[in-house]
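These numbers come from a predicted model, not from an experiment. Numbers restart at 1 for each chain; the letters A, B, ... are given by sequence-line order, proteins then strands.
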Protein chains: 2
Amino acid sequence: MTSSVQRKRIRKSPDDRRAEIVEAAATVALTEGLECITLRRIAEQLDVRPGLISHYFPAVEDLVAEAFGSAATAELETLLPADPPDGSPLNHLARFFARTTGPAYDDMSRLWLNARHLSRYRPVLRERVLGQESLWRGRLTAVVRAGVDQGQFRTEDAQLAAVLILVVIDGLASHANTGLGNHPPSVTRLAAATAERELGLPDGALAPTS
Amino acid sequence: MTSSVQRKRIRKSPDDRRAEIVEAAATVALTEGLECITLRRIAEQLDVRPGLISHYFPAVEDLVAEAFGSAATAELETLLPADPPDGSPLNHLARFFARTTGPAYDDMSRLWLNARHLSRYRPVLRERVLGQESLWRGRLTAVVRAGVDQGQFRTEDAQLAAVLILVVIDGLASHANTGLGNHPPSVTRLAAATAERELGLPDGALAPTS
DNA sequence: TTGCTTATTGGTCGCACACTCAATAGCATC
DNA sequence: GATGCTATTGAGTGTGCGACCAATAAGCAA
């Protein structure tokens with residue numbers, strides 16, 4: 001008959017709970033960074049006990065990888081949906097470029113930086129990052145290829161062009177990350193020009209001239 | 001008369017000790033990452049007690065910033081010496097490009113990634129990163145400007161061109177970091193072509209055609 | 001040689017972390 | 001309403017971290 005107050009327990013199906021945990025972790029990853037994914041932090045956010053997180057993810061590293069994968073997949077689906085909605089490849093690419101160089105992409109670009117760095121120490125995360133890179137590259141390559149097929153783009157190697165675009169975007173993001181921040185639009189314009197040239201597009205076709 | 005064995009103490013001048021500590025921390029930063037700069041780790045490497053490190057750096061964060069600054073400055077001095085040795089701006093730039101996209105730059109490129117990410121949480125480090133960015137940008141801009149003056153390069157805005165080159169290099173490094181690793185030389189070539197175009201150089205002037 | 005300054009130590013504190021596991025209570029099923 | 005399965009808890013372990021500080025010895029100056 002100890003006076004200890006017992007905690008109200010809410011019991012959920014393993015699938016639901018797992019999904020909840022991953023979602024919470026993905027949110028924390030995007031807003032605070034992957035290293036803030038701790039048992040305590042996630043448990044607090046879900047109002048459960050740390051032990052429960054451990055129960056579903058015996059090793060935190062697995063949860064970290066899962067969270068990154070979840071966030072990256074969701075973001076990619078927004079940027080370049082698998083089943084292309086209406087619009088030409090040029091439209092899709094222009095939107096992709098505009099979004100990934102815009103402020104709405106800040107969190108995700110930070111997360112990429114974060115994940116790439118951390119993946120040096122965490123093998124499980126590393127695999128996920130490689131997987132996502134390949135996914136993003138594939139998706140973008142498909143768009144480029146479609147554009148070539150429709151005569152909108154002209155390039156020798158679609159995949160190579162896609163990688164170049166990703167490299168340039170990552171470079172911009174990497175620089176922006178410190179907060180030199182929003183480099184003058186001129187840099188973004190120059191980066192766009194690089195992509196435009198590679199795809200045989202006229203100046204300003206991908207992003208508005210500043 | 002306790003039987004505790006007393007440690008042999010080696011007493012050095014504050015300046016020497018400080019320099020020693022920063023150097024050790026810079027090495028750790030380059031090889032293991034900035035988060036491995038801990039009182040215990042650095043103390044162990046120098047064969048002193050953790051308290052001593054605290055004595056010189058009451059806040060570890062300051063040591064981290066110092067270590068990054070030291071490593072970055074040393075690297076820049078190697079890549080783009082302040083007092084240019086013999087060689088034309090084109091030579092200097094070509095060497096800079098070759099080195100920063102080569103394997104010898106791996107550690108430093110990882111460190112940049114590391115520092116940019118960490119600077120999100122550590123204000124002191126952040127300031128250092130911004131300072132180094134400005135330093136690198138300035139140094140590279142000077143080279144570009146010299147090349148323009150000598151008629152080797154042709155570009156409207158030297159600083160803008162310099163930033164674009166840095167962005168492309170960072171993008172390559174960021175990608176390479178995960179270990180997709182050494183992307184095919186073709187990507188590097190494409191990146192070089194971007195810089196060449198921006199500087200009004202013929203194809204292959206900056207880096208050998210693959 | 002003696003004395004004094006101070007660089008260095010050793011010990012300790014409090015905190016946050018991941019991980020473990022027996023006990024327990026929520027809930028689907030009958 | 002009773003039963004059984006298991007999702008969830010509570011309590012605890014051990015590790016590594018930054019920070020603090022009184023005591024101490026190294027080595028310079030007198």
Side-chain angles (χ1 to χ4, degrees), chain A residues 1-25 28-29 32-67 114 118 121-125, chain B residues 1-25 28-29 32-67 114 118 121-125:
Chain A
M1 183 128 358
T2 58
S3 65
S4 72
V5 185
Q6 275 295 344
R7 213 188 130 72
K8 172 73 180 160
R9 297 184 181 189
I10 296 175
R11 198 187 169 106
K12 300 193 175 177
S13 86
D15 282 355
D16 288 355
R17 198 56 106 174
R18 237 191 123 84
E20 230 183 37
I21 293 174
V22 171
E23 191 188 338
V28 169
E32 306 174 46
L34 289 167
E35 42 275 278
C36 292
I37 297 180
T38 67
L39 299 181
R40 288 167 173 71
R41 182 78 189 70
I42 303 300
E44 183 194 18
Q45 179 144 336
L46 292 175
D47 193 36
V48 295
R49 299 292 145 200
L52 183 59
I53 314 295
S54 275
H55 175 68
Y56 287 97
F57 293 90
V60 174
E61 181 171 5
D62 291 333
L63 174 56
V64 170
E66 200 74 24
N114 191 179
L118 234 59
Y121 313 98
R122 320 231 169 145
V124 186
L125 176 60
Chain B
M1 185 137 346
T2 58
S3 65
S4 71
V5 185
Q6 274 295 345
R7 214 187 129 72
K8 173 71 181 160
R9 297 186 181 188
I10 296 177
R11 197 187 168 107
K12 301 192 175 177
S13 85
D15 282 355
D16 288 356
R17 196 57 103 178
R18 236 191 125 83
E20 232 183 38
I21 293 174
V22 171
E23 191 189 336
V28 169
E32 306 172 48
L34 288 167
E35 42 275 278
C36 292
I37 298 181
T38 66
L39 298 182
R40 288 165 175 75
R41 180 79 189 71
I42 302 300
E44 181 194 21
Q45 180 145 332
L46 292 175
D47 194 34
V48 296
R49 300 290 144 201
L52 184 59
I53 313 297
S54 272
H55 175 67
Y56 286 97
F57 293 89
V60 175
E61 182 171 3
D62 292 332
L63 175 56
V64 171
E66 200 74 23
N114 191 178
L118 234 58
Y121 312 99
R122 319 228 170 148
V124 186
L125 176 60

Every protein N/O within reach of nucleotides 20-25 of chain D N/O, cut-off under 3.5 Å:
from: D:dT24; atom 1: O2; to: B:R9; atom 2: NH1; distance (Å): 2.6

Within the structure, does a side-chain N or O atom of A:Y56 lie under 4.0 Å from either OP1 or OP2 of D:dA7? no

Do B:L34 and B:L125 touch side chain to side chain, with heavy atoms closer than 4.5 Å? yes

Assign each of B:I37 and A:S13 to its nearest nucleotide of DNA chain D by heavy atoms, then name whichever residue's nucleotide is nearer the 5' end. A:S13

B:R40 CZ to C:dC13 C1', in whole Å, measures 11 Å

Between P of C:dT8 and CZ of B:F57, the distance in whole Å: 13 Å

For the pair made of CG in B:D47 and P in C:dG10, what is the distance, rounded to whole Å? 11 Å

Atom CG of A:L39 and atom P of D:dT13: how far apart are they, to the nearest Å? 18 Å

Starting at atom CZ of B:R49, determine the distance to atom P of C:dT8, rounded to an integer number of angstrom. 13 Å

Salt-bridged, B:D47 to B:R7, with N to O below 4.0 Å? yes

Main-chain N/O of A:G33 paired with A:N114 side-chain donor or acceptor, under 3.5 Å: no

Residue mapping more 5' on DNA chain D - nearest nucleotide basis, B:E61 or A:K12: A:K12

Got a second to check how far B:I53's CD1 is from B:E20's CD, nearest 0.5 Å? 9.0 Å

To the nearest angstrom, the CG-P distance between B:D15 and C:dA7 comes to 10 Å

Measure the distance from CD1 on A:I21 to P on C:dA18 and round it to the nearest whole Å. 14 Å

Check: B:A19 main-chain N/O paired with B:Y56 side-chain donor or acceptor under 3.5 Å: no

Separation of atom CG in A:L52 from atom C1' in C:dA25, rounded to whole Å: 14 Å

Atom NE2 of A:H55 and atom CZ of A:R18: how far apart are they, to the nearest 0.5 Å? 10.0 Å

CG of B:L118 to CD of B:E61: how many Å apart, nearest 0.5 Å? 9.0 Å

Minimum-distance nucleotide to B:K8 side chain [options: D:dA19, C:dT8, D:dA26]: D:dA26

